[in-house]
Amino acid sequence: MSDWTHSTPDPGAGAGGAGGPTLDARDLRVTFQLKRGMFRGRVPLHAVRSVDLEIDAGETLGLVGESGSGKSTAGRAILRLLEPDEGSIRIDGQEITGLKGNELRRVRRKMQMVFQDPYSSLDPSMMIAESIGEPLDVHEDLTASQRRERVGELIELVKLSRGHLSRYPYEFSGGQRQRVALARAIALNPRLLVLDEAVSALDVSTQNQVINLLEEIQQEFDMAYLFIAHDLSVVRHISQRVAVMYLGQIAEHGPTERLFERPGHPYTEALLSAVPLPDPDVQRSRERIVLPGDIPDPTNPPTGCMFHTRCPYVMDVCKEVEPEPYPMQGGGVARCHLHTDGPKLGGGSVRDAERPTPSGAGISTGF
Ligand SMILES: Nc1ncnc2c1ncn2[C@@H]1O[C@H](COP(=O)(O)OP(=O)(O)OP(=O)(O)O)[C@@H](O)[C@H]1O
Ligand code: SF4
Ligand SMILES: [Mg+2]
């Protein structure tokens, strides 16, 4: 069952604009087969379980969740860097699952990934001009002077100078290296960028500069961004919509302001309670919700609601019945029985529900 359907009332969601979304991924599933000892065969790990994601041109969708929730796996599957078991992925309306060889190569130029560590996309032995120009060599048929001009334009787009082109990656700061990685990623004018913790390793002021740059580039080229990050303050700043993943599933999604102000899922509420607030008085008065235990073993997930082993609001029904996505007031959906059972929130904020069990002291959410 997918949780991001067109039938879901989601007035503020933005996805699904007049020309159709840039990314339309439906019922995406990725399973890893883990080896368990020499003679014990393999165990399936469902890293992504029926995930739906839509992103419009010029829009940023933030993807958050604890470590191991499946964010990177979803991002990589969308780019066909690993094979989904099932599902449909459309880029500008074109179905890309099942594409192979030259067809897949042609579509790859429309979507690129930027990682936390730019060393993973920049060859340390290559001059920057070569690294940025490499995608052009693979996909475009440019003369030497056209290529030089395009590489020069790209380095200036990311606010570095043409003088930097003859340097090597080790001669740059972390922020500059991330700019170079971005120049390489946008060399072919992609429609979709997957930014996987792309600013997480940078200090705050460098992070702000790179985020501003990302926003400028998005506006200029009308790209869709899937912004994967741990830092919810950064996600709030950059994203128009946010999706929250837990054990490979979207627990909640919705327009950023609605989700931050009126979370519909206890997991979202707990994650948000760890975000520092700018007002010190409000910060002092706010309770931090600490979830007991770690994320469960994904090869043996809990029955019913997969969050029930850690949820402060858990009810009997949660242990048996998997919740369906429930439409939230103000847009998006939350997968939680609190909307139909117990306090019957009916799409309202989980902050309006009375928390029946005290949170376990001193245990971190791990987020
Ligand atoms: N190549 C792989 N082989 C087997 N299991 C994998 C592989 N890649 C990821 N996993 C497992 O899939 C699950 C999701 O991992 P993923 O890296 O997508 O999480 P994530 O949300 O990106 O975490 P993080 O925030 O730490 O980057 C985890 O349980 C992880 O151990
Ligand atoms: S369905 Fe139940 S266990 Fe799951 S998040 Fe909602 S209240 Fe918690
Ligand atoms: Mg990851």
Side-chain angles (χ1 to χ4, degrees), residues 28-36 42-49 51 62-79 81-85 113-117 120 194-198 200-201 226-232 235 243-252 263-271 289 291-292 294-326 333-345 350 353-357 359 365-367:
L28 206 58
R29 294 164 195 256
V30 182
T31 308
F32 296 111
Q33 299 293 338
L34 302 187
K35 265 195 195 151
R36 282 279 157 95
R42 288 172 184 270
V43 178
L45 186 159
H46 301 286
V48 176
R49 303 160 185 265
V51 160
L63 187 59
V64 303
E66 279 163 295
S67 187
S69 54
K71 306 179 297 295
S72 298
T73 305
R76 294 174 73 86
I78 285 165
L79 299 191
L81 295 175
L82 53 84
E83 278 311 306
D85 325 326
M113 193 148 184
V114 180
F115 300 93
Q116 177 168 351
D117 172 16
S120 54
V194 174
L195 298 143
D196 192 352
E197 305 284 359
S200 305
L226 178 62
F227 190 84
I228 299 171
H230 277 86
D231 186 332
L232 286 166
V235 168
V244 181
M245 270 187 103
Y246 189 74
L247 276 177
Q249 202 172 53
I250 306 284
E252 175 169 12
H265 196 286
Y267 183 54
T268 313
E269 186 193 29
L271 295 183
I289 302 167
L291 297 175
D294 294 324
I295 202 162
D297 176 358
T299 63
N300 186 20
T303 54
C305 170
M306 289 193 292
F307 187 55
H308 87 249
T309 51
R310 303 169 78 197
C311 180
Y313 303 88
V314 61
M315 304 173 285
D316 286 345
V317 62
C318 308
K319 298 171 189 166
E320 307 286 336
V321 182
E322 189 180 348
E324 293 292 326
Y326 191 92
V333 298
R335 276 179 183 267
C336 175
H337 288 304
L338 289 175
H339 295 284
T340 47
D341 290 84
K344 295 197 171 72
L345 295 174
V350 72
E354 199 178 324
R355 211 174 307 131
T357 51
S359 42
T365 59
F367 187 76

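When a residue number appears, it is its place in the shown sequence, counting from 1. Start at 1 and go down the list; that is how both ligands and their atoms are numbered.
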Could you list each nitrogen or oxygen of ligand 1 that sits under 3.5 Å from a protein nitrogen or oxygen, with the atom names and the distance?
| residue | atom | partner | partner atom | Å |
| --- | --- | --- | --- | --- |
| ligand 1 | 18 (O) | Thr73 | N | 2.9 |
| ligand 1 | 18 (O) | Thr73 | OG1 | 2.5 |
| ligand 1 | 19 (O) | Gly70 | N | 3.3 |
| ligand 1 | 21 (O) | Ser69 | N | 3.2 |
| ligand 1 | 21 (O) | Ser69 | OG | 3.4 |
| ligand 1 | 21 (O) | Gly70 | N | 3.0 |
| ligand 1 | 21 (O) | Lys71 | N | 3.0 |
| ligand 1 | 21 (O) | Lys71 | NZ | 2.8 |
| ligand 1 | 22 (O) | Ser72 | N | 2.9 |
| ligand 1 | 22 (O) | Ser72 | OG | 2.8 |
| ligand 1 | 23 (O) | Gly68 | N | 2.8 |
| ligand 1 | 25 (O) | Lys71 | NZ | 2.8 |
| ligand 1 | 25 (O) | His230 | NE2 | 3.3 |
| ligand 1 | 26 (O) | Ser67 | OG | 2.5 |

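Around CD of Gln33, the count of heavy atoms belonging to other residues, nucleotides or ligands within 6.0 Å exceeds 12.
In this view, Asp117 satisfies the side chain to side chain donor-acceptor pair (under 3.5 Å) rule with no residue, not counting sequence neighbours. Residues forming a ring pair (Phe, Tyr, Trp, His ring centres under 6.0 Å) with Phe227 (at least two apart in sequence, or on another chain): none.
Checking side-chain atoms of His308 against main-chain N and O of Cys305 turns up a donor-acceptor pair under 3.5 Å. Between the side chain of His339 and the main chain of Val333, no donor-acceptor pair closer than 3.5 Å is present. Here the side chain of Glu252 pairs a donor or acceptor atom with the backbone of Gly264 at under 3.5 angstrom.
Under 2.8 Å from atom 4 (Fe) of ligand 2, one finds the following protein N/O/S atoms: Cys305 SG.
Ring orientation note: the planes of His265 and Phe307 are tilted relative to one another, at an angle of 30° to 60°.
The shortest heavy-atom contact between Leu226 and Leu63 is CD1-CB, 4.1 Å.
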Query - salt bridge (Lys or Arg N to Asp or Glu O under 4.0 Å) evaluation trace for Glu322 with Arg49 - result: CA-CA 13 Å; Glu322 189 180 348; Arg49 303 160 185 265; over 6 Å; no
